[in-house]
Structures are given as structure tokens and as C-alpha cells.
Amino acid sequence: MENRQSENENYFQILSMRKIGISLIAAFCLFIPLLVTGCQMGSKEKMEKHDQDDHKHDHKGDRHGHDQ
């Protein structure tokens, strides 16, 4: 009887570990696309801001040149 109880405990431990493993894999698969999309959006925003800053610097140089 004790041996059977031990087998049941081992079975439920393994089942629990499988559930945790599957949950981690599912969370990973759901999180990675969000992370990649967020990084791409952040990179795009940085590039747009950088382009705007370059454009502002170009105009400042033009104005400065005209003032002289």
C-alpha cells in the first residue's frame, strides 16, 4: 500500500512539473513576439527622433549662415 502511494506521489510530481514546463514554454512563446515588436517600435521611434534632430540641426546651420 505504501509503495502505491509513493508511485502516486511521484506521478503527480511529474505531472505538476510538466504543467509548469508547458506553462513556461507557453508564456515564453507569447512574450517573445511582444518583446520583439516593442523593440522594433522603440527603435523606429528613436530613428524618427534622430531624423527630426538632424533636420533641426540642418535648419539651425542654415539660419546661422544667413545671419552672418
Side-chain angles (χ1 to χ4, degrees):
M1 188 71 160
E2 191 173 308
N3 190 22
R4 186 175 186 135
Q5 186 177 5
S6 177
E7 287 177 11
N8 285 340
E9 287 176 6
N10 287 337
Y11 174 76
F12 287 117
Q13 277 184 331
I14 292 170
L15 192 63
S16 176
M17 288 171 46
R18 283 185 183 173
K19 286 181 181 179
I20 292 169
I22 291 170
S23 297
L24 288 173
I25 291 169
F28 184 76
C29 290
L30 291 172
F31 181 69
I32 289 299
L34 293 174
L35 180 65
V36 169
T37 303
C39 289
Q40 287 175 346
M41 288 175 61
S43 176
K44 185 176 179 181
E45 289 172 1
K46 285 180 184 177
M47 288 300 293
E48 287 174 359
K49 184 177 179 186
H50 184 70
D51 289 344
Q52 288 174 355
D53 289 345
D54 285 347
H55 191 68
K56 287 178 186 176
H57 290 299
D58 289 344
H59 284 294
K60 285 181 182 177
D62 291 343
R63 281 193 212 128
H64 193 62
H66 290 292
D67 290 343
Q68 291 179 351

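Taking CG of Asn10 as the start and CD of Glu7 as the end, the distance is 8.0 Å to the nearest 0.5 Å. Note: Asn8 CG to Asn3 CG = 10.0 Å, rounded to the nearest 0.5 Å.
Here Phe12 is tied into one hydrophobic group with Tyr11, Leu15, each link being a pair of ILVMFWY side chains closer than 4.5 Å.
In the hydrophobic clustering of ILVMFWY residues, with side-chain heavy atoms under 4.5 Å counting as a link, Phe28 and Val36 come out together.
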